[in-house]
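Here the structure comes first, spelled out in C-alpha coordinates, and everything after it is commentary.
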Amino acid sequence: MTEHLVDPDVPRDLHAFISGLPKAELHVHHVGSASPRIVSELAARHPDSKVPTDPEALVDYFTFTDFAHFIDVYLSVVDLIRTPEDVRLLTYEVARDLARQQVRYAELTITPFSSTRRGIDEAAFMAAIEDARKAAEAEFGTVLRWCFDIPGEAGLESAEETTRLATDDRLRPEGLVSFGLGGPEIGVARPQFKPYFDRAIAAGLHSVPHAGETTGPQTVWDALEYLRAERIGHGTSSAQDPKLLAHLAERRIPLEVCPTSNIATRAVRSLDEHPIREFARAGVLVTINSDDPPMFGTDLDNEYAVAARLLDLDERGLAALAKNGVEASFLDAPGKARIVDEIDTYTAAWLAS
Ligand SMILES: Nc1ncnc2c1ncn2[C@@H]1O[C@H](CCC(=O)c2cccc(C(=O)O)c2)[C@@H](O)[C@H]1O
Ligand SMILES: [Zn+2]
(Lines give C-alpha, C1' and ligand atoms only; values in the text may rest on other atoms or scores of the structure.)
(Ligands and ions follow the chains in the order given, each with its own letter.)
Protein backbone atom coordinates (compact mmCIF):
# COMPACT_ATOMS: atom_id res chain seq x y z
CA MET A 1 0.00 0.00 0.00
CA THR A 2 1.37 3.42 -0.88
CA GLU A 3 2.17 5.63 2.10
CA HIS A 4 -0.55 8.25 1.46
CA LEU A 5 -3.18 5.54 1.71
CA VAL A 6 -2.34 4.47 5.25
CA ASP A 7 -5.52 4.94 7.31
CA PRO A 8 -4.45 6.37 10.69
CA ASP A 9 -7.37 4.57 12.38
CA VAL A 10 -6.11 1.16 11.27
CA PRO A 11 -3.09 -0.26 13.14
CA ARG A 12 0.13 -0.38 11.11
CA ASP A 13 0.52 -4.11 11.51
CA LEU A 14 -2.97 -4.65 10.08
CA HIS A 15 -1.92 -2.61 7.04
CA ALA A 16 1.16 -4.84 6.73
CA PHE A 17 -1.02 -7.94 7.03
CA ILE A 18 -3.31 -6.66 4.25
CA SER A 19 -0.34 -5.91 1.97
CA GLY A 20 0.74 -9.54 2.01
CA LEU A 21 -2.71 -11.11 2.05
CA PRO A 22 -3.50 -13.09 -1.15
CA LYS A 23 -6.66 -11.62 -2.66
CA ALA A 24 -9.22 -11.79 -5.46
CA GLU A 25 -10.53 -8.61 -7.11
CA LEU A 26 -13.98 -8.97 -8.67
CA HIS A 27 -15.02 -5.44 -9.52
CA VAL A 28 -12.42 -3.28 -11.20
CA HIS A 29 -12.74 -1.41 -14.49
CA HIS A 30 -10.13 -1.62 -17.21
CA VAL A 31 -9.87 2.06 -18.19
CA GLY A 32 -10.66 3.11 -14.62
CA SER A 33 -7.51 1.30 -13.47
CA ALA A 34 -5.09 3.23 -15.67
CA SER A 35 -2.33 4.55 -13.41
CA PRO A 36 -1.69 8.33 -13.31
CA ARG A 37 1.59 7.65 -15.16
CA ILE A 38 -0.18 5.86 -18.03
CA VAL A 39 -2.98 8.44 -18.18
CA SER A 40 -0.54 11.36 -18.32
CA GLU A 41 1.62 9.60 -20.93
CA LEU A 42 -1.41 8.98 -23.13
CA ALA A 43 -2.64 12.56 -22.58
CA ALA A 44 0.75 13.90 -23.69
CA ARG A 45 0.44 11.88 -26.91
CA HIS A 46 -2.96 13.43 -27.62
CA PRO A 47 -2.77 17.21 -27.10
CA ASP A 48 -6.39 17.59 -28.27
CA SER A 49 -7.50 15.93 -24.99
CA LYS A 50 -8.66 17.88 -21.92
CA VAL A 51 -6.96 15.30 -19.63
CA PRO A 52 -3.96 16.86 -17.80
CA THR A 53 -0.50 15.66 -18.78
CA ASP A 54 0.89 16.28 -15.30
CA PRO A 55 0.22 13.33 -12.92
CA GLU A 56 -0.08 15.78 -9.99
CA ALA A 57 -2.84 17.72 -11.76
CA LEU A 58 -4.77 14.47 -12.15
CA VAL A 59 -5.67 14.52 -8.45
CA ASP A 60 -7.82 17.62 -9.03
CA TYR A 61 -9.06 16.31 -12.37
CA PHE A 62 -10.18 13.13 -10.57
CA THR A 63 -12.27 15.03 -7.99
CA PHE A 64 -15.92 14.55 -8.88
CA THR A 65 -18.92 16.73 -8.13
CA ASP A 66 -21.42 13.91 -8.79
CA PHE A 67 -21.80 10.61 -10.65
CA ALA A 68 -22.50 12.30 -14.01
CA HIS A 69 -19.28 14.31 -13.67
CA PHE A 70 -17.40 11.09 -12.91
CA ILE A 71 -18.72 9.46 -16.12
CA ASP A 72 -17.79 12.58 -18.10
CA VAL A 73 -14.20 12.42 -16.82
CA TYR A 74 -14.12 8.63 -17.28
CA LEU A 75 -15.04 9.03 -20.95
CA SER A 76 -12.30 11.63 -21.44
CA VAL A 77 -9.81 8.93 -20.37
CA VAL A 78 -11.52 6.35 -22.61
CA ASP A 79 -10.91 8.79 -25.49
CA LEU A 80 -7.14 8.51 -24.92
CA ILE A 81 -7.08 4.82 -25.78
CA ARG A 82 -6.82 4.75 -29.53
CA THR A 83 -4.76 1.78 -30.66
CA PRO A 84 -4.54 -1.95 -29.86
CA GLU A 85 -1.08 -1.23 -28.42
CA ASP A 86 -2.65 1.29 -25.96
CA VAL A 87 -5.10 -1.46 -24.95
CA ARG A 88 -2.33 -4.03 -24.47
CA LEU A 89 -0.14 -1.69 -22.45
CA LEU A 90 -3.02 -0.57 -20.24
CA THR A 91 -4.10 -4.15 -19.52
CA TYR A 92 -0.58 -5.34 -18.77
CA GLU A 93 0.08 -2.41 -16.40
CA VAL A 94 -3.22 -2.98 -14.60
CA ALA A 95 -2.13 -6.58 -13.99
CA ARG A 96 1.20 -5.35 -12.63
CA ASP A 97 -0.60 -3.09 -10.11
CA LEU A 98 -2.85 -5.97 -9.06
CA ALA A 99 0.09 -8.37 -8.66
CA ARG A 100 1.89 -5.81 -6.47
CA GLN A 101 -1.07 -6.07 -4.07
CA GLN A 102 -0.94 -9.86 -3.98
CA VAL A 103 -4.04 -10.16 -6.16
CA ARG A 104 -3.94 -13.74 -7.41
CA TYR A 105 -7.10 -13.56 -9.50
CA ALA A 106 -9.03 -10.64 -10.98
CA GLU A 107 -12.14 -10.22 -13.09
CA LEU A 108 -11.54 -7.03 -15.04
CA THR A 109 -14.58 -5.19 -16.42
CA ILE A 110 -13.95 -4.11 -19.99
CA THR A 111 -16.27 -2.05 -22.20
CA PRO A 112 -15.36 -3.24 -25.72
CA PHE A 113 -18.10 -1.10 -27.29
CA SER A 114 -16.30 2.07 -26.18
CA SER A 115 -13.17 0.97 -28.03
CA THR A 116 -14.73 -0.47 -31.19
CA ARG A 117 -16.96 2.59 -31.70
CA ARG A 118 -13.81 4.72 -31.48
CA GLY A 119 -12.35 2.80 -34.40
CA ILE A 120 -10.20 0.12 -32.78
CA ASP A 121 -10.45 -3.05 -34.85
CA GLU A 122 -12.44 -5.65 -32.89
CA ALA A 123 -10.15 -8.62 -33.59
CA ALA A 124 -7.06 -6.54 -32.75
CA PHE A 125 -8.76 -5.42 -29.51
CA MET A 126 -9.38 -9.03 -28.45
CA ALA A 127 -5.83 -10.01 -29.39
CA ALA A 128 -4.44 -7.13 -27.29
CA ILE A 129 -6.28 -8.05 -24.10
CA GLU A 130 -5.52 -11.75 -24.51
CA ASP A 131 -1.85 -11.08 -25.17
CA ALA A 132 -1.65 -8.96 -22.00
CA ARG A 133 -3.56 -11.59 -19.99
CA LYS A 134 -1.15 -14.35 -20.97
CA ALA A 135 1.93 -12.18 -20.36
CA ALA A 136 0.59 -11.10 -16.95
CA GLU A 137 -0.09 -14.66 -15.86
CA ALA A 138 3.35 -15.85 -16.99
CA GLU A 139 5.27 -12.89 -15.55
CA PHE A 140 3.30 -11.91 -12.42
CA GLY A 141 1.37 -15.09 -11.64
CA THR A 142 -1.88 -13.09 -11.58
CA VAL A 143 -4.78 -14.78 -13.37
CA LEU A 144 -6.99 -12.32 -15.26
CA ARG A 145 -10.50 -12.95 -16.51
CA TRP A 146 -12.82 -10.56 -18.36
CA CYS A 147 -16.30 -9.21 -17.79
CA PHE A 148 -17.62 -7.39 -20.90
CA ASP A 149 -20.09 -4.72 -19.87
CA ILE A 150 -22.77 -2.82 -21.73
CA PRO A 151 -22.48 0.96 -21.19
CA GLY A 152 -26.24 1.22 -20.63
CA GLU A 153 -26.55 4.95 -21.29
CA ALA A 154 -25.14 4.45 -24.78
CA GLY A 155 -28.40 2.68 -25.69
CA LEU A 156 -29.48 -0.64 -27.09
CA GLU A 157 -27.06 -0.32 -30.01
CA SER A 158 -24.27 -0.70 -27.42
CA ALA A 159 -26.09 -3.67 -25.88
CA GLU A 160 -26.33 -5.39 -29.27
CA GLU A 161 -22.68 -4.71 -30.08
CA THR A 162 -21.43 -5.87 -26.66
CA THR A 163 -23.50 -9.05 -26.89
CA ARG A 164 -22.18 -9.77 -30.37
CA LEU A 165 -18.57 -9.26 -29.28
CA ALA A 166 -19.11 -11.50 -26.24
CA THR A 167 -20.87 -14.36 -27.99
CA ASP A 168 -19.41 -14.59 -31.52
CA ASP A 169 -17.14 -17.63 -31.42
CA ARG A 170 -14.72 -16.00 -33.87
CA LEU A 171 -14.18 -13.03 -31.56
CA ARG A 172 -14.98 -14.06 -28.01
CA PRO A 173 -11.73 -14.09 -26.01
CA GLU A 174 -10.71 -17.15 -24.03
CA GLY A 175 -10.56 -15.15 -20.78
CA LEU A 176 -14.17 -13.94 -20.95
CA VAL A 177 -16.29 -15.27 -18.06
CA SER A 178 -19.05 -12.75 -17.45
CA PHE A 179 -21.37 -10.10 -18.78
CA GLY A 180 -22.17 -6.78 -17.11
CA LEU A 181 -24.01 -3.49 -17.34
CA GLY A 182 -22.43 -0.23 -16.20
CA GLY A 183 -22.62 3.54 -16.40
CA PRO A 184 -25.40 5.74 -15.00
CA GLU A 185 -28.55 3.99 -13.73
CA ILE A 186 -30.95 6.91 -13.69
CA GLY A 187 -33.14 6.63 -16.79
CA VAL A 188 -31.45 3.35 -17.79
CA ALA A 189 -33.92 0.70 -16.60
CA ARG A 190 -32.47 -2.80 -16.23
CA PRO A 191 -35.37 -4.83 -17.74
CA GLN A 192 -34.72 -3.54 -21.30
CA PHE A 193 -31.40 -5.43 -21.28
CA LYS A 194 -33.01 -8.82 -20.63
CA PRO A 195 -32.73 -10.16 -24.22
CA TYR A 196 -29.01 -9.35 -24.29
CA PHE A 197 -28.33 -11.00 -20.94
CA ASP A 198 -30.38 -14.00 -22.05
CA ARG A 199 -28.09 -14.42 -25.06
CA ALA A 200 -24.92 -13.96 -23.01
CA ILE A 201 -26.10 -16.43 -20.36
CA ALA A 202 -27.05 -18.94 -23.07
CA ALA A 203 -23.49 -18.60 -24.36
CA GLY A 204 -22.17 -19.63 -20.93
CA LEU A 205 -21.40 -16.24 -19.40
CA HIS A 206 -22.16 -15.25 -15.82
CA SER A 207 -24.40 -12.25 -15.12
CA VAL A 208 -22.87 -9.43 -13.05
CA PRO A 209 -24.68 -6.12 -13.64
CA HIS A 210 -24.15 -2.93 -11.67
CA ALA A 211 -27.34 -2.15 -9.75
CA GLY A 212 -28.34 -0.03 -6.78
CA GLU A 213 -25.25 2.16 -7.03
CA THR A 214 -27.05 5.41 -7.89
CA THR A 215 -30.69 4.32 -7.76
CA GLY A 216 -32.88 2.52 -5.21
CA PRO A 217 -33.37 -1.14 -4.30
CA GLN A 218 -35.91 -1.76 -7.09
CA THR A 219 -32.98 -1.66 -9.55
CA VAL A 220 -31.35 -4.52 -7.64
CA TRP A 221 -34.60 -6.51 -7.72
CA ASP A 222 -34.80 -5.84 -11.49
CA ALA A 223 -31.20 -7.00 -11.99
CA LEU A 224 -32.03 -10.23 -10.16
CA GLU A 225 -35.32 -10.83 -11.94
CA TYR A 226 -34.66 -9.71 -15.51
CA LEU A 227 -30.89 -10.05 -15.83
CA ARG A 228 -30.55 -13.12 -13.58
CA ALA A 229 -27.70 -11.46 -11.70
CA GLU A 230 -25.34 -13.89 -9.92
CA ARG A 231 -23.52 -11.04 -8.20
CA ILE A 232 -24.43 -7.39 -7.89
CA GLY A 233 -22.04 -4.56 -8.70
CA HIS A 234 -22.28 -2.26 -5.67
CA GLY A 235 -25.89 -2.91 -4.63
CA THR A 236 -25.46 -0.07 -2.15
CA SER A 237 -29.14 0.87 -1.92
CA SER A 238 -30.08 -2.73 -0.98
CA ALA A 239 -29.62 -1.53 2.60
CA GLN A 240 -32.88 0.43 2.24
CA ASP A 241 -34.88 -2.79 1.79
CA PRO A 242 -34.68 -5.44 4.53
CA LYS A 243 -36.52 -7.98 2.34
CA LEU A 244 -33.91 -7.53 -0.37
CA LEU A 245 -31.07 -7.96 2.12
CA ALA A 246 -32.66 -11.17 3.40
CA HIS A 247 -33.10 -12.39 -0.18
CA LEU A 248 -29.45 -11.67 -1.07
CA ALA A 249 -28.28 -13.43 2.08
CA GLU A 250 -30.50 -16.46 1.60
CA ARG A 251 -29.63 -16.90 -2.09
CA ARG A 252 -25.94 -16.24 -1.44
CA ILE A 253 -25.89 -13.46 -4.05
CA PRO A 254 -22.65 -11.59 -3.30
CA LEU A 255 -22.37 -7.82 -3.33
CA GLU A 256 -19.29 -6.29 -4.93
CA VAL A 257 -18.73 -3.52 -2.42
CA CYS A 258 -16.40 -0.65 -3.38
CA PRO A 259 -16.54 1.75 -0.39
CA THR A 260 -14.22 4.57 -1.54
CA SER A 261 -15.80 4.64 -5.00
CA ASN A 262 -19.20 5.31 -3.47
CA ILE A 263 -17.84 8.35 -1.63
CA ALA A 264 -15.83 9.64 -4.63
CA THR A 265 -18.86 9.51 -6.95
CA ARG A 266 -21.03 10.95 -4.14
CA ALA A 267 -23.34 7.94 -4.19
CA VAL A 268 -22.83 7.77 -0.38
CA ARG A 269 -22.11 10.83 1.80
CA SER A 270 -19.26 9.48 3.92
CA LEU A 271 -17.49 6.23 4.75
CA ASP A 272 -19.11 6.21 8.16
CA GLU A 273 -22.51 6.23 6.49
CA HIS A 274 -21.58 3.39 4.13
CA PRO A 275 -24.08 0.48 4.44
CA ILE A 276 -21.38 -2.22 4.51
CA ARG A 277 -22.17 -2.86 8.19
CA GLU A 278 -25.85 -3.47 7.40
CA PHE A 279 -24.83 -5.90 4.66
CA ALA A 280 -22.59 -7.86 7.03
CA ARG A 281 -25.20 -7.82 9.81
CA ALA A 282 -27.83 -9.21 7.40
CA GLY A 283 -25.51 -12.09 6.48
CA VAL A 284 -24.94 -10.94 2.89
CA LEU A 285 -21.76 -12.25 1.25
CA VAL A 286 -19.67 -9.08 1.11
CA THR A 287 -16.71 -8.86 -1.25
CA ILE A 288 -14.28 -5.94 -1.22
CA ASN A 289 -13.25 -4.31 -4.47
CA SER A 290 -11.73 -1.11 -5.82
CA ASP A 291 -13.81 -0.14 -8.96
CA ASP A 292 -11.62 2.59 -10.55
CA PRO A 293 -8.76 2.81 -8.05
CA PRO A 294 -6.49 5.64 -9.34
CA MET A 295 -9.52 7.79 -10.20
CA PHE A 296 -10.76 7.39 -6.63
CA GLY A 297 -7.32 7.75 -5.00
CA THR A 298 -7.45 4.22 -3.66
CA ASP A 299 -6.26 0.68 -4.27
CA LEU A 300 -7.52 -2.73 -3.21
CA ASP A 301 -5.30 -2.83 -0.12
CA ASN A 302 -6.79 0.46 1.02
CA GLU A 303 -10.33 -0.84 0.47
CA TYR A 304 -9.51 -3.77 2.78
CA ALA A 305 -8.20 -1.30 5.38
CA VAL A 306 -11.42 0.72 5.08
CA ALA A 307 -13.44 -2.49 5.53
CA ALA A 308 -11.33 -3.46 8.56
CA ARG A 309 -12.19 -0.13 10.18
CA LEU A 310 -15.88 -0.12 9.28
CA LEU A 311 -16.44 -3.78 10.21
CA ASP A 312 -13.97 -3.80 13.10
CA LEU A 313 -11.99 -6.73 11.68
CA ASP A 314 -8.78 -8.32 12.90
CA GLU A 315 -6.49 -10.54 10.80
CA ARG A 316 -8.89 -13.49 10.88
CA GLY A 317 -11.79 -11.26 9.84
CA LEU A 318 -9.75 -9.85 6.96
CA ALA A 319 -8.76 -13.35 5.85
CA ALA A 320 -12.46 -14.32 5.87
CA LEU A 321 -13.25 -11.27 3.73
CA ALA A 322 -10.53 -12.25 1.26
CA LYS A 323 -11.99 -15.76 1.13
CA ASN A 324 -15.43 -14.27 0.34
CA GLY A 325 -13.85 -12.76 -2.76
CA VAL A 326 -12.46 -16.12 -3.82
CA GLU A 327 -15.74 -17.91 -3.11
CA ALA A 328 -17.76 -15.36 -5.10
CA SER A 329 -15.40 -15.51 -8.08
CA PHE A 330 -15.91 -17.50 -11.29
CA LEU A 331 -12.67 -19.36 -10.84
CA ASP A 332 -12.89 -23.17 -11.01
CA ALA A 333 -12.98 -25.22 -7.79
CA PRO A 334 -9.26 -26.25 -7.77
CA GLY A 335 -8.26 -22.65 -8.46
CA LYS A 336 -10.42 -21.41 -5.58
CA ALA A 337 -9.02 -24.06 -3.24
CA ARG A 338 -5.45 -23.03 -4.09
CA ILE A 339 -6.02 -19.37 -3.17
CA VAL A 340 -8.00 -20.25 -0.03
CA ASP A 341 -5.10 -22.47 1.06
CA GLU A 342 -2.68 -19.66 0.42
CA ILE A 343 -4.80 -17.27 2.52
CA ASP A 344 -4.94 -19.80 5.38
CA THR A 345 -1.22 -20.52 5.27
CA TYR A 346 -0.35 -16.84 5.16
CA THR A 347 -2.70 -15.99 8.04
CA ALA A 348 -1.50 -18.87 10.25
CA ALA A 349 2.15 -17.89 9.70
CA TRP A 350 1.37 -14.22 10.45
CA LEU A 351 -0.48 -15.03 13.67
CA ALA A 352 2.29 -17.42 14.79
CA SER A 353 5.07 -14.83 14.28
N1 LIG B 1 -18.61 3.10 -10.56
C2 LIG B 1 -19.06 2.82 -11.80
N3 LIG B 1 -20.37 2.63 -12.02
C4 LIG B 1 -20.85 2.40 -13.25
N5 LIG B 1 -20.06 2.31 -14.35
C6 LIG B 1 -18.74 2.52 -14.17
C7 LIG B 1 -18.19 2.75 -12.90
N8 LIG B 1 -16.87 2.89 -13.03
C9 LIG B 1 -16.58 2.73 -14.31
N10 LIG B 1 -17.69 2.51 -15.01
C11 LIG B 1 -17.71 2.32 -16.45
O12 LIG B 1 -18.26 3.44 -17.04
C13 LIG B 1 -18.73 3.07 -18.30
C14 LIG B 1 -19.68 4.18 -18.72
C15 LIG B 1 -19.68 4.44 -20.17
C16 LIG B 1 -20.90 5.16 -20.59
O17 LIG B 1 -21.79 5.38 -19.81
C18 LIG B 1 -21.03 5.62 -21.98
C19 LIG B 1 -22.16 6.35 -22.33
C20 LIG B 1 -22.27 6.82 -23.64
C21 LIG B 1 -21.27 6.56 -24.57
C22 LIG B 1 -20.17 5.83 -24.20
C23 LIG B 1 -19.06 5.57 -25.16
O24 LIG B 1 -18.14 4.83 -24.87
O25 LIG B 1 -19.08 6.17 -26.24
C26 LIG B 1 -20.05 5.35 -22.90
C27 LIG B 1 -19.40 1.75 -18.04
O28 LIG B 1 -19.50 0.92 -19.11
C29 LIG B 1 -18.52 1.15 -16.93
O30 LIG B 1 -17.67 0.16 -17.41
ZN1 LIG C 1 -18.07 -0.48 -11.33
Side-chain angles (χ1 to χ4, degrees), residues 25-34 39 62 64 66-82 87 90-91 94 106-120 122 125 129 146-163 165-166 176 178-190 193 196-197 207-215 219-220 223 227 229 231-237 254-268 274 287-298 300 303:
E25 162 77 276
L26 306 181
H27 188 127
V28 62
H29 295 262
H30 186 222
V31 173
S33 299
V39 173
F62 289 155
F64 310 111
D66 56 20
F67 191 83
H69 178 217
F70 160 66
I71 291 293
D72 191 40
V73 168
Y74 188 90
L75 288 178
S76 71
V77 179
V78 170
D79 277 335
L80 295 175
I81 296 155
R82 306 203 180 164
V87 173
L90 167 65
T91 315
V94 169
E107 291 169 18
L108 195 58
T109 297
I110 298 187
T111 315
F113 171 79
S114 290
S115 290
T116 58
R117 81 170 289 195
R118 283 170 177 77
I120 299 183
E122 55 198 35
F125 179 86
I129 59 174
W146 318 126
C147 167
F148 278 3
D149 80 331
I150 300 169
E153 206 181 36
L156 296 184
E157 176 212 344
S158 79
E160 178 58 43
E161 176 74 347
T162 309
T163 311
L165 295 168
L176 185 67
S178 61
F179 198 69
L181 171 59
E185 289 174 30
I186 297 168
V188 187
R190 310 287 97 171
F193 299 101
Y196 307 97
F197 275 74
S207 168
V208 288
H210 286 63
E213 178 186 19
T214 48
T215 58
T219 308
V220 179
L227 311 183
R231 295 193 316 244
I232 300 285
H234 298 278
T236 320
S237 64
L255 293 185
E256 300 159 1
V257 178
C258 313
T260 300
S261 158
N262 298 148
I263 311 313
T265 63
R266 311 212 179 220
V268 175
H274 197 282
T287 68
I288 296 297
N289 306 279
S290 62
D291 212 12
D292 303 286
M295 292 188 178
F296 300 145
T298 191
L300 186 61
E303 296 308 285

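No hydrogens, no waters, no symmetry mates; every other heavy atom, side chains included, goes into these values. Each ligand, and each atom within it, is numbered from 1 in the order the structure gives.
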Heavy atom of the protein closest to [atom] (residue, atom name, distance):
| atom | answer |
| --- | --- |
| atom 6 (C) of ligand 1 | His29 CE1, 3.6 Å |
| atom 15 (C) of ligand 1 | Pro151 CB, 3.7 Å |
| atom 30 (O) of ligand 1 | Asp149 OD2, 2.7 Å |
| atom 3 (N) of ligand 1 | Glu213 OE1, 2.7 Å |
| atom 22 (C) of ligand 1 | Leu75 CD2, 4.0 Å |
| atom 13 (C) of ligand 1 | Tyr74 CE2, 4.0 Å |
| atom 8 (N) of ligand 1 | Asp292 OD2, 2.6 Å |
| atom 24 (O) of ligand 1 | Ser114 OG, 2.5 Å |

Geometric N/O contact Thr265 with ligand 1, under 3.5 angstrom: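 Checking ligand 1 against Thr265, no N or O pair falls under 3.5 Å apart.
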* Does Glu153, backbone or side chain, put an N or O under 3.5 Å from an N or O of ligand 1? ->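 It does not: no N or O of Glu153 is found under 3.5 Å from an N or O of ligand 1.
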Return the orientation label for the Phe193 and Tyr196 ring planes: parallel under 30°, perpendicular over 60°, tilted otherwise.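 The arrangement is tilted - the two ring planes meet at 30° to 60°.
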Short side-chain to backbone donor-acceptor contact, [X] and [Y], under 3.5 Å:
| X | Y | result |
| --- | --- | --- |
| Ser237 | Thr215 | yes |
| His210 | Leu181 | yes |
| Glu107 | Glu25 | no |
| Glu185 | Gly212 | yes |
| Thr91 | Val87 | yes |
| Arg266 | Phe64 | yes |
| Asp291 | Val28 | no |

Find all atoms of ligand 1 within a distance of less than 4.0 Å from any non-hydrogen atom belonging to [X], and give their numbers and elements.
| X | value |
| --- | --- |
| Pro184 | 17 (O) |
| His234 | 1 (N) |
| Arg118 | 23 (C), 24 (O), 25 (O) |
| Thr111 | 28 (O), 30 (O) |

message = If we only look closer than 2.8 Å, how many protein N, O or S atoms does the Zn ion (ligand 2) have near it?
response =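 N, O or S atoms of the protein closer than 2.8 Å: 4.
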Q) Counting only heavy atoms, which portion of Phe67 has something under 4.0 Å from ligand 1: side chain, backbone, both, or neither? A)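 Answer for Phe67: side chain.
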Note to self: Strictly below 4.0 Å, N to O, side chains only: are Arg117 and Glu122 in salt-bridge contact?
What the structure shows: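 No, this pair does not count.
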Practice task
Can you see which heavy atom on Met295 is nearest to which on Val77, and at what distance?
Solution key: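 Here Met295 and Val77 meet closest at CE-CG2, 3.8 Å.
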- Message: Other residues, nucleotides and ligands only: do more than 12 of their heavy atoms fall within 6.0 Å of CD1 on Ile186?
- Response: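 Not more than 12 within 6.0 Å, no.
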